[in-house]
Q: 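Could you have a look at this structure, given as structure tokens, before my questions?
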Amino acid sequence: MDEPRRMAQLDREMDEILDEADESMEEFYRDYPEMRPSKAELQAEALRDRADEIEQMELVKELEQMRRERISELRKIIPLIRSKAF
């Protein structure tokens, strides 16, 4: 499996885990409503989540650039390796 597909699969798996966690928390809040976060806490959490998403997108972008550069480097040396092999 190539890197982009592998990352997409990992993203899907992480989304499933997070959905399950959200469902568990909702069950918990039904049993213990006093533990539910306030609107301000929810807003702060949403902002932190958004910041995490932005950081993750930047990391993925940097890793993809590094991957492309490495592929380019390897493609440049293939002719050299082939010429030495034969």
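Numbers here simply count residues along the sequence, with the first being 1. Treat the numbers as computed from the prediction; the structure is a model and nothing was measured.
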Q: Rounded to the nearest 0.5 Å, how far does CG of Leu59 lie from NZ of Lys61?
A: 12.0 Å
Q: About how many Å separate CE of Met7 and CG of Leu10, when rounded to the nearest 0.5 Å?
A: 6.0 Å
Q: Determine which pairs satisfy side chain to side chain donor-acceptor pair (under 3.5 Å) with at least one residue from residues 40-59, sequence neighbours left out, and list them in order.
A: Ser38-Glu41, Arg50-Glu53
Q: So, taking the atom named CG in Leu42 and the one named NZ in Lys39, what distance separates them when rounded to the nearest 0.5 Å?
A: 9.5 Å
Q: Any side-chain heavy atom of Val60 within less than 4.5 Å of one from Met57?
A: no
Q: For the pair Glu64 and Arg67, find out whether any cationic side-chain nitrogen is under 4.0 Å from an anionic carboxylate oxygen.
A: yes
Q: The criterion is ring pair (Phe, Tyr, Trp, His ring centres under 6.0 Å); which residues satisfy it with Phe28, sequence neighbours excluded?
A: Tyr32
Q: With side chain to side chain contact (heavy atoms under 4.5 Å, CB included) as the criterion, how do Glu73 and Ile77 come out once you've worked through the C-alpha distance, each side chain's angles and the decisive distance to 0.1 Å?
A: CA-CA 7 Å; Glu73 291 168 355; Ile77 66 169; over 6 Å; no
Q: Among pairs that include at least one residue of residues 7-29, which meet salt bridge (charged side-chain N to carboxylate O under 4.0 Å, His left out), considering only residues two or more places apart or in two chains?
A: Glu26-Arg36
